[in-house]
Amino acid sequence: MSKQDRILIVEDDALIAMDLEDELTDRGFDPVSAATIAHAQQVLESEPLMFVVLDMHLRSETTFEFARELQERGVAFLFLSGNDRSSLPEDLQSSKILEKPVHYDTLVEMIG
Amino acid sequence: MSGAFQHNAVPSDVVSAEDAFLAFHEMTPDGFMMFRAVRAGDGAISDLQWTFVNKAGARIVGRAAEDLLGKYLLVEMPGNRDEGLFDAYVKVIETGQTWQNEFYYDHAGITGWFRTTATRSGDGLALSFADISEVRAGDKRLRDLIDSVLAFVGVLSVDGVLLEANQPAVAAAGGDRDTVIGRPFWDCYWWDVNQATKDRLKLAVASAAAGELVRYDAEIQVAGEQRLWIDFQIAPVFNSAGEVTELIPSGVDITERKLAEAHRELLIKELSHRVKNTLATIQSIAGQSIRAAETMDDFRGSFGARLRAIAASHNLLVETDHQLVPVTALVRAQVLPYASDEARVTVEGVDIDLPGEIAHALGLVLHELATNASKYGALSSQAGTVHVKWSVQDQDGVPHLHLRWLERGGPEVKTPTRRGFGTRLIERSLSADGDSAVIEHDPAGLSCRLVMGLE
């Protein structure tokens with residue numbers, strides 16, 4: 001597995017994160033997950049990422065500000081959430097979004 | 001009398017114009033008086049002298065007609081100067097323009113509302129007046145009623161200028177009538193919410209002016225820059241010719257209903273969010289259970305047990321009305337089903353309430369520990385015990401749950417060759433910084449130490 005396959009999963013539900021990791025690993029990616037923005041930030045600073053999968057709401061924070069930073073840095077991402085697009089702030093309306101429960105093949109297509 | 005009456009007079013010698021005039025003024029309930037202008041040396045009118053007083057006029061002012069004839073208005077009733085009436089009468093004589101007004105008069109025993117018309121007659125004045133105090137009292141009653149209703153009510157001209165507003169509406173605009181009366185309705189304080197609000201109102205006024213009853217929910221501003229939702233209506237008022245003469249805007253506060261609607265929408269959205277998250281969780285449990293299962297029977301067992309574990313945590317969550325789960329109940333609900341005898345499980349710790357999400361995560365962890373214990377650990381033997389002990393400790397101002405799971409009396413524990421779902425989940429369930437999980441495969445019994453932030 002190469003650095004180009006590194007995918008960051010920002011998800012605070014351990015079960016969902018685990019299953020995402022396993023499914024993405026099976027499909028040839030190299031996922032790592034973070035349950036907090038602080039941890040996600042740490043991963044972002046330390047290695048190049050090919051894609052980021054974001055839950056919208058973590059336990060006590062949202063991922064919107066982190067998404068804006070990804071936009072600035074030119075890192076591709078999508079929101080994976082039980083919420084629909086209407087829950088996104090206005091400036092993030094054009095972001096990619098995939099609703100839970102996830103269809104893994106669609107997810108892989110959107111990762112590109 | 002002047003010839004003006006003659007061409008309307010009946011062509012008969014029975015009734016003269018003068019007789020008709022006098023008869024009319026004996027009968028009419030309106031007061032009628034005539035005055036001659038009294039001019040000073042410079043020609044300016046200095047007073048008015050009574051030349052005629054009808055019966056009703058004498059009654060209304062409380063004086064006998066013969067007592068007034070030849071006398072001077074400002075001498076007998078100086079209140080006429082104070083009220084500005086004398087100046088108005090002088091203007092009528094000087095300009096020839098008829099003057100009409102309603103005013104309140106309270107001088108020297110004459111008290112009440114009067115409607116008066118003054119017309120020039122020669123170098124003098126004809127004055128017709130009626131005591132309208134009773135009508136006014138009726139108006140006041142109507143006014144009091146409108147001021148006392150639980151609604152905002154006003155009157156608009158057909159082009160949208162606010163002519164009247166009831167007391168609640170004026171109070172909602174800050175209490176000063178002058179800031180709203182006489183202004184275009186959409187420029188008044190209530191509608192200073194945004195341009196769309198004003199544009200909508202302009203359209204509504206135009207529709208009402210065209211004869212249409214307009215009604216919609218509007219967000220307005222009330223004193224103190226507070227926002228209010230009102231059920232708003234503009235009703236056109238028609239005259240007998242079917243033309244719109246005025247518009248009556250009114251509104252009733254429906255803020256509570258609007259808030260309830262918004263709250264319900266929020267709840268539905270939240271419910272939808274939770275359902276999808278639950279489905280996502282089930283998808284993950286299915287995926288993980290399939291990965292770990294060697295046979296379909298294995299899968300059926302582990303998948304079903306995990307769903308029941310989630311349901312058990314959920315039951316505890318809905319039993320309380322504040323979305324919190326007592327930790328003791330959670331431990332018992334997740335572990336006791338796997339113990340043949342309650343006495344083999346001891347729980348020890350202060351009974352704190354856990355937020356829903358933490359309760360769900362901890363519930364699944366406890367489930368994995370309990371199923372592991374029942375398959376391979378202390379609960380798989382006849383005499384093994386599980387001891388669950390916890391405390392809450394402050395870490396950098398954030399309360400943390402410290403929980404210890406300790407198995408004793410089971411078969412000898414071997415360090416597993418691969419990390420199973422349970423181990424991974426336990427290590428992963430900790431999402432906040434400062435959380436930790438340590439599983440020790442002590443030969444005497446498995447132990448697990450969890451630290452979870454509670455905020």
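We name chains A, B, ... by the order of the sequence lines, and we start the count at 1 in each one.
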Novice: Counting neighbours of CG on B/Asp396 that are heavy atoms of other residues, nucleotides or ligands and sit closer than 6.0 Å, is the number greater than 12?
Specialist: no
Novice: Looking at B/Lys276 and A/Gly82, what are the two nearest heavy atoms and their distance?
Specialist: CD-O, 3.2 Å
Novice: Check whether A/Ala17 gets within reach of chain B through its side chain, its backbone, both or neither, counting any heavy atom under 4.5 Å.
Specialist: both
Novice: Within a radius of less than 6.0 Å around CZ of B/Arg274, do more than 12 heavy atoms belonging to other residues, nucleotides or ligands occur?
Specialist: no
Novice: Taking all non-hydrogen atoms of both residues, which atom of A/Pro101 and which atom of B/Gln283 are closest, and how far apart?
Specialist: CB-OE1, 3.4 Å
Novice: Which one, A/Met18, A/Glu99, A/His57, A/Lys100, leads in non-hydrogen pairs under 4.5 Å with chain B?
Specialist: A/Met18
Novice: What do you reckon, is CD of B/Gln393 surrounded by more than 12 foreign heavy atoms closer than 6.0 Å?
Specialist: yes
Novice: Can you give me the closest heavy-atom contact between A/Ile16 and B/Ser284, atom names plus distance?
Specialist: CA-OG, 3.3 Å
Novice: To the nearest 0.5 angstrom, please state how far the CG atom of A/Leu15 sits from the CD1 atom of B/Ile285.
Specialist: 5.0 Å
Novice: Can you find a pair of side-chain heavy atoms, one from B/Asn277 and one from A/Asp13, that are under 4.5 Å apart?
Specialist: no
Novice: Does a donor on one side chain and an acceptor on the other come within less than 3.5 Å for A/Asp22 and B/Gln288?
Specialist: yes
Novice: Counting only heavy atoms not in A/Arg73 (residues, nucleotides, ligands), do more than 12 fall under 6.0 Å from its CZ?
Specialist: yes
Novice: Atom NZ of residue position B/Lys389 - does it have more than 12 heavy atoms of other residues, nucleotides or ligands inside 6.0 Å?
Specialist: no
Novice: Are B/Arg291 and A/Glu23 packed together at the side-chain level, in the sense that at least one heavy-atom pair is separated by less than 4.5 angstrom?
Specialist: yes
Novice: Above 12 or not: heavy atoms from other molecules or residues under 6.0 Å from OH of A/Tyr104?
Specialist: yes
Novice: Between A/Leu80, A/Leu20, A/Asp26, which shows the greatest number of heavy-atom pairs under 4.5 Å with chain B?
Specialist: A/Asp26
Novice: Tell me whether A/Gln93 at atom CD has more than 12 heavy atoms from other residues, nucleotides or ligands lying less than 6.0 Å away.
Specialist: yes
Novice: Using non-hydrogen atoms and a 4.5 Å limit, figure out which bit of A/Glu61 sits close to chain B: side chain, backbone, both or neither.
Specialist: neither
Novice: Is A/Glu45 atom CD crowded by more than 12 heavy atoms from other residues, nucleotides or ligands, each under 6.0 Å away?
Specialist: yes
Novice: Hey, does B/His273 have a side-chain heavy atom less than 4.5 Å from the side chain of A/Ser87?
Specialist: no
